[in-house]
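Bear in mind the structure is a predicted one, so any value in this text is a computation, not a measurement. So you know, we letter chains A, B, ... as the sequences are listed, proteins then strands, and number each from 1.
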2 protein chains.
Amino acid sequence: MTPELKIQQMRYVLAIVDEGGFHAAARRLHRTQPALSLAIRDLESRLGQALFEKGGKALPTPFGDYCLPRFRGLVAEHDRLAQELLQHAEQRRGRVDVATVPSVASRLMPQLLADFVKAYPDLQVNLHDGNADYVQRMVAAREVDLGITSLWQVDDAFAFTPLMHDAVGVVCRDDHPLAGRQAVDWRELDGQTLIRNGTSRLLAGTEAASLLERSAFYISNMISLTAMLEAGIGITTLPRLAFPEEYQRLRFIPLSTPHVEREIGVLKSARHSLSPAAQAMERCILDSLGNSKNLALDR
Amino acid sequence: MTPELKIQQMRYVLAIVDEGGFHAAARRLHRTQPALSLAIRDLESRLGQALFEKGGKALPTPFGDYCLPRFRGLVAEHDRLAQELLQHAEQRRGRVDVATVPSVASRLMPQLLADFVKAYPDLQVNLHDGNADYVQRMVAAREVDLGITSLWQVDDAFAFTPLMHDAVGVVCRDDHPLAGRQAVDWRELDGQTLIRNGTSRLLAGTEAASLLERSAFYISNMISLTAMLEAGIGITTLPRLAFPEEYQRLRFIPLSTPHVEREIGVLKSARHSLSPAAQAMERCILDSLGNSKNLALDR
DNA sequence: AGCAATGGTAAGGATAACTTATCATTTTAT
DNA sequence: ATAAAATGATAAGTTATCCTTACCATTGCT
């Protein structure tokens with residue numbers, strides 16, 4: 001019933017009209033003139049009406065005149081769409097949503113995003129941050145394309161690409177007895193006031209696990225936690241990346257025994273592939289953080 | 001640079017998504033499953049991005065999700081256009097402009113248009129009327145598709161299809177000496193007050209031409225002319241079709257010597273073809289007035 | 001009149017599209 | 001748990017579509 005009008009046939013019609021003849025149009029389209037003749041005849045037979053007058057010249061019929069602007073419209077629409085989709089496919093347009101843990105957001109993302117917008121200036125980036133559980137849930141719910149986090153729970157619904165190891169250490173004020181030390185053993189913390197935080201669970205399952213049970217404080221908010229530490233109320237443990245360098249009076253001492261580290265990496269859904277923009281972001285992340293095991297974290 | 005996205009490929013994508021799988025879609029499209037696989041692969045390679053996830057199920061990728069509504073839009077646009085053009089081609093929609101001489105407009109068009117709208121209820125008809133010169137100029141300027149008129153001037157820019165012969169006669173009031181006659185010779189009009197009108201030039205070039213020179217009146221407007229005739233001021237000549245039957249006191253007496261007639265027919269441009277709607281109108285005119293030499297004009 | 005355009009036509013070849021047959025996986029049912 | 005059925009991918013071969021070469025008819029221009 002409804003004829004299938006091919007975009008290419010319409011293009012031929014437009015070229016013939018614009019160039020004023022079959023030969024000229026054929027030249028422009030890199031075809032031969034009979035190719036156009038046949039294509040036009042086919043289109044005419046589909047519509048049941050002639051598009052060009054019969055006598056010698058390539059003049060549109062009244063019906064052809066009626067079709068012309070409509071063909072032009074659909075072809076323009078097609079080209080606009082093809083262009084748009086290509087730009088998305090080629091990662092020149094689009095949007096990425098990324099979720100990270102706060103330490104990554106503040107320590108790694110600034111440089112990374114600067115590199116990213118330089119490489120992909122027209123891609124929109126949305127950055128969310130929260131704890132590792134939150135990041136993983138955002139990825140699972142597909143509210144973000146990618147997460148940069150440590151693995152919260154192994155689950156084959158996720159694909160995790162490791163980026164770096166982030167060792168846990170003790171954080172204390174500069175007047176604390178441990179402040180000048182190069183390393184510390186967990187047993188030395190016995191009797192100290194330990195403030196737990198969101199990352200403390202990294203110690204669970206290690207020989208230092210008992211420290212957690214003896215701790216009376218839990219503070220999730222980083223601002224509050226640093227305020228407590230600066231006030232000299234106690235000490236805490238943090239992965240190095242999460243240690244806030246900007247607080248002058250705080251010190252980070254690596255925990256040598258047990259050696260505890262979290263593994264930071266890129267998290268994505270294993271079942272779904274990435275949008276083109278997210279592919280660009282993933283590549284950017286891997287290029288920038290992948291090989292260099294990021295040893296430049298010392299101050 | 002810009003890939004050529006075929007309407008059919010987009011249709012395949014939509015069918016696969018809507019039917020939830022390659023097999024189901026293939027069934028609906030009367031194709032086999034590999035045909036779809038290959039078409040999709042081709043489209044994906046043109047865009048440089050996968051549209052469906054790899055693992056078994058036919059789930060769209062995020063890029064596929066992005067494409068879907070746009071494909072749907074363009075396909076819908078295509079179908080709408082194809083439908084519209086087909087309706088025009090099949091003369092189910094469109095517009096015809098017709099110009100006629102007044103006699104045709106008042107005596108022939110009412111029935112003809114009634115037949116036409118019955119056969120083509122969705123076609124818009126615009127009817128213009130004026131003298132034969134006006135009609136011919138309208139056709140030449142392509143402001144109308146068709147004219148129904150007598151030929152004003154022969155010119156190979158026009159195609160003229162004769163419909164009927166329309167004999168000239170004398171028109172007078174019922175109390176005129178000629179009123180009861182079956183025929184009249186031009187010599188019998190000698191000494192009568194002859195009022196010329198737009199059709200009087202039909203006598204030019206005949207033996208009765210001298211009558212025109214002796215006439216002091218010329219009235220182009222039909223209402224004015226009939227008023228003059230009803231007032232008994234004079235007589236005139238008119239083709240039978242132009243004789244206004246509705247005036248009870250006026251009589252028409254055929255002119256037997258010389259026998260003068262105009263030929264009424266369909267006029268169109270010889271260089272341009274007709275719009276589909278105009279083709280419908282032409283056919284309707286020829287069917288309704290072509291063969292029957294329209295002898296049913298007596299009252 | 002003769003030449004150089006125009007577009008149309010016929011036959012054959014290149015390309016694209018589709019089908020049949022088969023395979024590897026996954027899902028469903030027993 | 002295992003068989004059966006359904007999924008999509010792949011390879012080879014067929015068909016249809018599209019395009020080209022070669023030629024013709026007509027028109028317009030020197």
Original post:
Quick check: are there more than 12 heavy atoms from other residues, nucleotides or ligands sitting under 6.0 Å from NZ of K118(B)?
Top reply: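 Not more than 12 within 6.0 Å, no.
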
Does [N] have OP1 or OP2 under 4.0 Å away from a side-chain N or O of [X]?
{"X": "R41(B)", "N": "dG8(D)", "answer": "no"}
{"X": "Y12(A)", "N": "dC19(D)", "answer": "yes"}
{"X": "S37(B)", "N": "dG8(D)", "answer": "no"}
{"X": "K57(A)", "N": "dG28(D)", "answer": "no"}
{"X": "K6(A)", "N": "dC18(D)", "answer": "yes"}

Original post:
Where do D97(B) and N126(B) come nearest, in terms of heavy atoms and distance?
Top reply: OD1-CB, 3.0 Å

**OP:** Return the value, rounded to whole Å, for the distance between atom CZ of F52(B) and atom C1' of dG8(D).
**Re:** 12 Å

**OP:** Ignoring hydrogens and angles, tell me if any N or O in the side chain of H23(A) forms a donor-acceptor pair with the backbone of Q33(A) under 3.5 Å.
**Re:** no

Residue [X], side-chain atoms from C-beta onward, closest of [options]:
{"X": "P34(A)", "options": "dA10(C), dT10(D), dT19(C)", "value": "dA10(C)"}
{"X": "A58(A)", "options": "dT19(C), dC19(D), dG7(C)", "value": "dG7(C)"}
{"X": "H23(B)", "options": "dC19(D), dG7(C), dT7(D)", "value": "dT7(D)"}
{"X": "T32(A)", "options": "dC18(D), dT20(D), dT10(D)", "value": "dT20(D)"}

**OP:** Anything under 30° is parallel, anything over 60° is perpendicular, the rest tilted; go ahead and classify F63(A) against Y66(A).
**Re:** parallel

Original post:
Which part of the nucleic acid does Q8(A) contact within heavy-atom distance under 4.0 Å: base, sugar-phosphate only, or nothing?
Top reply: sugar-phosphate

**OP:** Between R27(B) and L36(A), just flag the one whose closest nucleotide in DNA chain D comes earlier from the 5' side.
**Re:**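 Taking each residue's closest nucleotide, the earlier one in sequence belongs to R27(B).
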
